[in-house]
Amino acid sequence: CGNDKDYRMIVSLINVALEQQHVNLSPRVFGEAITALTQTDAGVTKVKKIWKLAINNNIPVGTYEFNCMLKALGEKYHKVGAALDLYRQNKDILDVDGYTVSIILNFLTESIQEKKKSHKNQDLNNTSPCWQFEEGITTILKNDFIFNEGRRATLNNHVFSSALNLNQ
């Protein structure tokens, strides 16, 4: 459905599956639905609806679904604040990993680049990417992972590459 750009069908399939009491839905279905919706013209509201359906129906979403949602909010819809809020609300509930961090660092980097593009004819001295760098490196990477022994092991090359891109 995502390849066919049919967001109505994606939402309908999820709704029908939830209505069937005997169907044991895998949480992955919601991650796949969110990813498929990003391939369509669906707005951010439709993606948030799928996420809320999973949460409200007590579907045990995991890291994969969480990462799909963060990627949709941050990269597809450029809703950096909403993605960061979602991360903060769920970082201690869900088992976030290195890929979660690299997704966040990537959309923070993208938000800096978008800001630079939109101000290319203006003086950039008044436009500071400091909050993105501070959020990405200090708050998320350092506090949530490096100083957290349980999560430190999940850091990988994707994370370090994304951190270097954010630093550029």
For the [atom1] atom of [X] and the [atom2] atom of [Y], what is their distance to the nearest 0.5 Å?
{"X": "Ile14", "Y": "Met9", "atom1": "CD1", "atom2": "CE", "value": "12.5 Å"}
{"X": "Asn15", "Y": "Ile50", "atom1": "CG", "atom2": "CD1", "value": "6.5 Å"}
{"X": "Ile59", "Y": "Ser26", "atom1": "CD1", "atom2": "OG", "value": "9.0 Å"}
{"X": "Asn165", "Y": "Glu110", "atom1": "CG", "atom2": "CD", "value": "11.5 Å"}
{"X": "Tyr64", "Y": "Met69", "atom1": "OH", "atom2": "CE", "value": "13.5 Å"}
{"X": "Cys68", "Y": "Leu37", "atom1": "SG", "atom2": "CG", "value": "11.0 Å"}

Considering residues, nucleotides and ligands other than [X], do more than 12 of their heavy atoms fall under 6.0 Å from its [atom1]?
{"X": "Arg88", "atom1": "CZ", "answer": "yes"}
{"X": "Lys79", "atom1": "NZ", "answer": "no"}
{"X": "Lys76", "atom1": "NZ", "answer": "yes"}

What do the steps show when you test Leu86 against Trp51 for side-chain contact (heavy atoms from CB on, under 4.5 Å), and what is the final call?
CA-CA 11 Å; Leu86 183 69; Trp51 179 258; 3.7 Å; yes
Do [X] and [Y] make a side-chain contact, defined as non-hydrogen atoms from C-beta onward lying under 4.5 Å apart?
{"X": "Ile34", "Y": "Glu65", "result": "no"}
{"X": "Leu84", "Y": "Ile140", "result": "yes"}
{"X": "Leu141", "Y": "Leu155", "result": "yes"}
{"X": "Phe66", "Y": "Asp95", "result": "no"}
{"X": "Val159", "Y": "Phe145", "result": "no"}
{"X": "Trp131", "Y": "Leu108", "result": "yes"}
{"X": "Val47", "Y": "Leu73", "result": "no"}
{"X": "Ile137", "Y": "Asn167", "result": "no"}

Locate the shortest heavy-atom distance separating [X] from [Y]; write the atom from each residue and the value.
{"X": "Asn106", "Y": "Ser162", "value": "OD1-OG, 2.9 Å"}
{"X": "Val96", "Y": "Tyr87", "value": "CG1-CE1, 4.4 Å"}
{"X": "Pro60", "Y": "Pro27", "value": "O-CG, 3.3 Å"}
{"X": "Ala72", "Y": "Thr38", "value": "CB-CG2, 3.5 Å"}
{"X": "Leu166", "Y": "Gln132", "value": "CD2-O, 3.9 Å"}

Side-chain heavy atoms under 4.5 angstrom apart, residues restricted to Ile, Leu, Val, Met, Phe, Trp, Tyr: same cluster for [X] and [Y]?
{"X": "Leu164", "Y": "Phe107", "value": "no"}
{"X": "Phe30", "Y": "Tyr99", "value": "no"}
{"X": "Ile104", "Y": "Val61", "value": "yes"}

Any donor-acceptor pair under 3.5 Å from Ser161 side chain to Asn157 backbone
no
Are Asp97 and Thr63 close enough that a side-chain donor and a side-chain acceptor fall under 3.5 Å?
no
